[in-house]
Amino acid sequence: MFRVGNLRNSHMVSAQIRCKLLKSRQTPEGEFLPLDQLELDVGFSTGADQLFLVSPLTICHVIDAKSPFYDLSQRSMQSEQFEIVVILEGIVETTGMTCQARTSYTEDEVLWGHRFFPVISLEEGFFKVDYSQFHATFEVPTPPYSVKEQEEMLLMSSPLIAPAITNSKERHNSVECLDGLDDMTTKLPSKLQKITGREDFPKKLLRMSSTTSEKAYSLGDLPMKLQRISSVPGNSEEKLVSKTTKMLSDPMSQSVADLPPKLQKMAGGAARMEGNLPAKLRKMNSDRFT
């Protein structure tokens, strides 16, 4: 973190901050690069590098896996040699001219585990900026390890290995289930065992059968709820066939006895009415139906 402020009497518009890291390094091919320049992210992706500089602002660089300070600890910083260059650019509001300010920080000027004192206070309805505390800092508890070391220690202490053990148990159970299916295949009838040997049929379809005995055997592989539904009387094909045969074999004379009492009376009244007809009308009815 570092703090920037505008001590001019005029306002600075379109202010933008940039940060460079100057450090010598050696490439994997063995080439030595003196004063190699690396860009430090100070909010370019989020637009935080565009400043509205009406009061002092604290600029932050987040140290993550993409940061060049990812493996920098308090001990290793004592042996490092680098320089951080900060560039502030903007336009002077009164003249419209571009203004640029630069400063730099070396490794011995970086304070490990410090924060800036607040410089803005509210007094009598107005905000007051105390520039005498512009460079003042105070120490806060900070671990001496690098971000990389802290993440490794957190990874070692967290129970992240449990999912791997759970997955291995699930794979073991799935293997046992497959072995159980193979044992069930050996108990099938000879006809189903021949069908099971074909690799182009899935095991779920291989349990199906067309004969009554094989169908009764396949009910044992169904869930309990489906077994109860299959065993309920009236749901089988035998009842449907017997009911159809009964309807075809019963004489039409028994249909009157199966009618409700009201309809039976109506049918009997029609028969009596036919008996009371004259002989000529009865003969016409018999000739018409014959």
Side-chain angles (χ1 to χ4, degrees), residues 1-7 12 14-53 56-91 97-117 119 133-165 167:
M1 299 186 298
F2 54 91
R3 177 176 282 174
V4 296
N6 183 19
L7 297 178
M12 181 181 292
S14 300
Q16 185 178 7
I17 193 77
R18 290 186 302 155
C19 196
K20 293 283 188 178
L21 174 64
L22 304 181
K23 181 181 178 181
S24 301
R25 69 181 183 92
Q26 189 174 4
T27 63
E29 294 79 12
E31 183 182 0
F32 180 75
L33 300 177
L35 300 179
D36 185 39
Q37 298 184 15
L38 297 175
E39 188 78 19
L40 293 180
D41 187 11
V42 288
F44 177 77
S45 58
T46 60
D49 60 333
Q50 305 292 330
L51 308 180
F52 184 57
L53 204 57
L57 298 176
T58 302
I59 310 301
C60 298
H61 166 68
V62 179
I63 300 178
D64 53 10
K66 299 179 180 180
S67 174
F69 300 133
Y70 181 62
D71 53 354
L72 182 67
S73 63
Q74 186 177 10
R75 178 180 298 178
S76 63
M77 191 175 62
Q78 299 176 1
S79 59
E80 290 285 342
Q81 291 183 354
F82 60 86
E83 185 175 2
I84 302 173
V85 179
V86 180
I87 304 172
L88 175 64
E89 293 180 345
I91 300 175
M97 297 179 63
T98 302
C99 176
Q100 185 183 89
R102 295 187 305 272
T103 188
S104 67
Y105 306 96
T106 56
E107 70 279 353
D108 56 345
E109 294 177 331
V110 177
L111 302 179
W112 186 277
H114 283 246
R115 287 186 179 274
F116 287 103
F117 270 106
V119 295
Q133 300 291 331
F134 188 81
H135 299 285
T137 61
F138 62 96
E139 191 173 359
V140 294
T142 305
Y145 309 104
S146 64
V147 178
K148 182 179 180 180
E149 294 172 348
Q150 293 186 49
E151 290 181 353
E152 291 176 353
M153 289 187 294
L154 183 62
L155 185 63
M156 294 294 291
S157 60
S158 61
L160 294 179
I161 207 166
I165 298 175
N167 294 334

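Computed from heavy atoms alone, side chains included, the values below leave out hydrogens, waters and symmetry copies. Numbering of residues begins at 1 and proceeds along the displayed sequence.
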Is there a side-chain contact between [X] and [Y] in this structure, where contact means two heavy atoms from C-beta onward sitting under 4.5 Å apart?
{"X": "I17", "Y": "L57", "result": "no"}
{"X": "L40", "Y": "P68", "result": "yes"}
{"X": "I87", "Y": "Q100", "result": "yes"}
{"X": "R115", "Y": "M1", "result": "yes"}
{"X": "F69", "Y": "H61", "result": "yes"}
{"X": "E39", "Y": "K20", "result": "yes"}
{"X": "L51", "Y": "I59", "result": "yes"}

Output the distance between atom [atom1] ([X]) and atom [atom2] ([Y]), rounded to the nearest 0.5 Å.
{"X": "I63", "Y": "Q150", "atom1": "CD1", "atom2": "CD", "value": "10.0 Å"}
{"X": "D49", "Y": "C19", "atom1": "CG", "atom2": "SG", "value": "11.5 Å"}
{"X": "T27", "Y": "D36", "atom1": "OG1", "atom2": "CG", "value": "10.0 Å"}
{"X": "R25", "Y": "L38", "atom1": "CZ", "atom2": "CG", "value": "6.5 Å"}
{"X": "L53", "Y": "M12", "atom1": "CG", "atom2": "CE", "value": "6.5 Å"}
{"X": "H135", "Y": "F117", "atom1": "NE2", "atom2": "CZ", "value": "14.5 Å"}

Please confirm whether the backbone N or O of [Y] pairs with a side-chain atom of [X], one donor and one acceptor, at under 3.5 Å?
{"X": "R3", "Y": "P56", "value": "no"}
{"X": "T98", "Y": "I91", "value": "no"}
{"X": "E151", "Y": "K148", "value": "no"}

Taking all non-hydrogen atoms of both residues into account, name the closest pair between [X] and [Y] and its distance.
{"X": "D71", "Y": "S146", "value": "C-CB, 3.6 Å"}
{"X": "S24", "Y": "F32", "value": "CB-CZ, 3.7 Å"}
{"X": "F44", "Y": "D41", "value": "N-OD1, 3.1 Å"}
{"X": "Y145", "Y": "W112", "value": "O-CZ2, 3.8 Å"}

Can you give each donor-acceptor pair under 3.5 Å made by side-chain atoms of residues 77-86, sequence neighbours left out, with the distance rounded to 0.1 Å?
| from | atom 1 | to | atom 2 | distance (Å) |
| --- | --- | --- | --- | --- |
| S79 | OG | S76 | O | 3.0 |
| E80 | OE1 | K23 | NZ | 3.1 |
| E83 | OE2 | S104 | OG | 2.7 |

| message | Taking atom OH as the centre, does Y70 end up with more than 12 heavy-atom neighbours from other residues, nucleotides or ligands that are less than 6.0 angstrom away? | response | yes
Stepwise, does the side-chain contact (heavy atoms from CB on, under 4.5 Å) test hold for L22 with Q37? CA-CA 5 Å; L22 304 181; Q37 298 184 15; 3.3 Å; yes
